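Right, one structure below, let's go through it.
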Amino acid sequence: MPTNENRTVPEAYNDSKDTTNMSAIQWRTFFKDQDLVNLIDTALANNQELKITLQEIEIARNDIRSRHAALLPTVGLRAGAELEKVGRYTSQGAGDASTEIEPGKEVPEHLPNFTVSAFANWEADIWKKLHNAKKAAVTRYLSTMEGRNFVLTNLIAEVANSYYELVALDNQLLIVRQNIELQKSALEIVKVQKEAARATELAVKKFEAEVLGSQSLEFDIRQKIKETENRINFLLGRYPQEITRDKSNFLDLLPQTVNTGIPSQLLANRPDIKQAELDLTAAKLDVKVARAEFYPSFGISAALGFEAFKPNYLVKYPVESLLYSLAGDLAGPLINRNAIRAEFNSANARQLQAIYNYERTILNAYLEVNTQLSNINNLEKSYDLKSQQVDALTRSIDIANDLFKSARADYFEVLMTQRDALESKLELIETKKEQLNAAINIYKELGGGWK
């Protein structure tokens, strides 16, 4: 089992006394944007990775049926016909030559034989080998179900993150276009000032270069929008098409309130932790199955039917044609014990792998939650400061333009002010996107989305 060190909970999380956990919220309630909800619905219906996972569940379900069948007797029907001639000077040939099937009728030299029978074979599971193999199959089936839940929560989070990235890019594109118009206006002013000998050709070229740079940035953002749209379409399992979304009021969106609950809830809610735990249970059962291979196996076989050298005798003399058999055998490994020991050692090694994977999964879960909690806190402070920066730089643009018109500031100050304002606005949108993504990620990392 995992060590106490690996399961140590971060202090900020461990101090939580609130048992409310946001992962209990259904994703349709968690996401308020109807366009996003529609996209997630489509992804859950069409995503290829999810469909592949569903087939893994079907494979695991069939493995349960196979393991269950091994516990039951194998029953079959057999019908056969054969023709036999034995040597005259053999014990069977000499016996047949002196035997009459019916009065005055010897056993034919070419002797046919017809058989109709039912047979059964059954291995008595005295060491619980077959039962443990079935339990392991059931556990792995449950593990694949948790794997499906893990794919679900990751798929929902990925669609949501990509959606808000797309809307952020839309808003960045709008700001760049507004900035281009502002720069063009400044360029026209510089051109007029040059005609009046109040500015130089250098200033004109600098402003032209700034406009061209912003126009180039516009096409870069357009390309990112197309790439993000196609990424969403891929998650939705469909060919390229425009993504319906609400582009307005992006900066007014508020991240979901974060309720982490208590640390023990993380073990119950995260599908990857539950999957690792089930894989560990299955690995333990595999060790028991491998250990049982060292012990003798007890098998029972039986047959009941009719046999005669003429088909009509099967009906005419049913009692005389009756055959039956019952046998039991006890067999244990002798020569191939090294091969069985090798499989047993491999099963032990796989069990250790499962233990380490379980420890790693728990550690990763706690670290992810701790990282996102810190990220959310820092992003909130960063966004407030960047908002103040944008307000200050937006006001400074008008001030710089007025000073430039009155020859109290040079063109370089105007250019730098416009550039700083553009960068700060783009960074503000990026920070808002990161805030929304952080709320989505903490929802995912607390185990939300699959219920």
Side-chain angles (χ1 to χ4, degrees), residues 1-14 16 19 21-24 49-50 52-54 56-57 59-61 63-64 67 128-129 131-158 260-292 342-374 441-451:
M1 293 299 295
T3 63
N4 290 331
E5 180 182 358
N6 282 341
R7 297 187 64 176
T8 298
V9 183
E11 184 176 352
Y13 190 14
N14 202 25
S16 175
T19 58
N21 189 297
M22 64 190 298
S23 66
E49 183 179 357
L50 182 57
I52 292 171
T53 303
L54 293 178
E56 291 177 355
I57 294 174
I59 293 170
R61 183 184 292 117
D63 190 37
I64 293 176
R67 299 295 182 179
K128 301 296 182 181
K129 177 179 68 175
H131 280 84
N132 286 329
K134 180 188 174 184
K135 286 182 181 178
V138 172
T139 305
R140 286 197 168 88
Y141 168 74
L142 297 175
S143 173
T144 58
M145 293 295 291
E146 295 300 337
R148 165 191 170 274
N149 294 338
F150 189 61
V151 171
L152 276 177
T153 188
N154 278 282
L155 175 61
I156 291 170
E158 191 170 359
T260 59
I262 56 178
S264 61
Q265 290 175 321
L266 194 62
L267 300 177
N269 292 330
R270 287 232 350 182
D272 57 334
I273 293 180
K274 291 192 283 186
Q275 183 180 21
E277 184 178 2
L278 289 166
D279 287 340
L280 176 56
T281 302
K284 290 180 178 179
L285 291 169
D286 287 341
V287 172
K288 293 182 179 180
V289 173
R291 182 183 292 114
E343 179 56 35
F344 176 73
N345 291 337
S346 296
N348 268 316
R350 286 191 290 268
Q351 182 184 15
L352 287 174
Q353 281 184 327
I355 291 174
Y356 298 143
N357 182 61
Y358 182 58
E359 291 179 343
R360 185 190 66 169
T361 304
I362 292 178
L363 176 62
N364 179 64
Y366 284 130
L367 291 176
E368 284 182 344
V369 170
N370 188 36
T371 300
Q372 284 304 329
L373 288 176
S374 174
N441 290 334
I442 193 68
Y443 177 62
K444 177 192 72 173
E445 287 155 9
L446 289 170
W450 61 268
K451 295 181 181 179

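Here, residue 1 is the first one in the sequence, and each next residue gets the next number. Just so it is clear, the model here is predicted, and its values are computed rather than measured.
Two residues are said to be in side-chain contact when any heavy atoms from C-beta on lie closer than 4.5 Å; D63 and I59 fail this criterion. For the pair L155/E49, no side-chain contact is recorded, criterion being any heavy-atom separation below 4.5 Å from C-beta on. Side-chain contact between L152 and N149 is present, with heavy atoms from C-beta onward closer than 4.5 Å. Taking the side chain as every heavy atom from C-beta outward, L446 and N269 never approach each other to under 4.5 Å.
Remark: side-chain polar atoms of T144 are paired, donor with acceptor, to backbone N or O of Y141 under 3.5 angstrom. Side-chain atoms of T281 come within 3.5 Å of backbone N or O of E277 as a donor-acceptor pair. Judged purely by atom type and a 3.5 angstrom limit, S143 has no side-chain atom pairing as donor or acceptor with the backbone of T139. Side chain of N357 to main chain of Q353: no donor-acceptor pair is present (N/O by atom type, distance under 3.5 Å, no hydrogens or angles).
For the pair P271 and E146, the tightest heavy-atom approach, listed with the atom from each and the gap, is CB-O, 3.4 Å. The two residues E445 and V369 have their closest heavy-atom pair at O-CG2, 3.8 Å. A354 approaches L280 most closely through the heavy-atom pair CB-CA, 3.7 Å. The minimum heavy-atom distance between Y443 and G449, with the atom names listed, is OH-N, 3.2 Å. The two atoms that bring G448 and S23 nearest to each other are N-CB, 3.4 Å, heavy atoms only. Nearest approach of L285 to A136, heavy atoms of both residues: CD1-N, 3.4 Å.
In this model, no donor atom of one side chain and acceptor atom of the other lie less than 3.5 Å apart for D279 and Q275.
Under the side-chain contact (heavy atoms from CB on, under 4.5 Å) criterion, E343 pairs with R350, sequence neighbours left out. Shown here are the salt bridge (Lys or Arg N to Asp or Glu O under 4.0 Å) partners of R61, two or more places apart in sequence or in another chain: E58. By the side-chain contact (heavy atoms from CB on, under 4.5 Å) test, I52 is found to be paired with E56, residues two or more places apart in sequence or in another chain being considered. Under the side chain to side chain donor-acceptor pair (under 3.5 Å) criterion, D272 pairs with R270, not counting sequence neighbours. Partners of N441 according to the side chain to side chain donor-acceptor pair (under 3.5 Å) rule, which considers only residues two or more places apart in sequence or in another chain, are N161.
Residues in residues 132-143 take part in these salt bridge (charged side-chain N to carboxylate O under 4.0 Å, His left out) pairs, two or more places apart or across chains: R140-D286.
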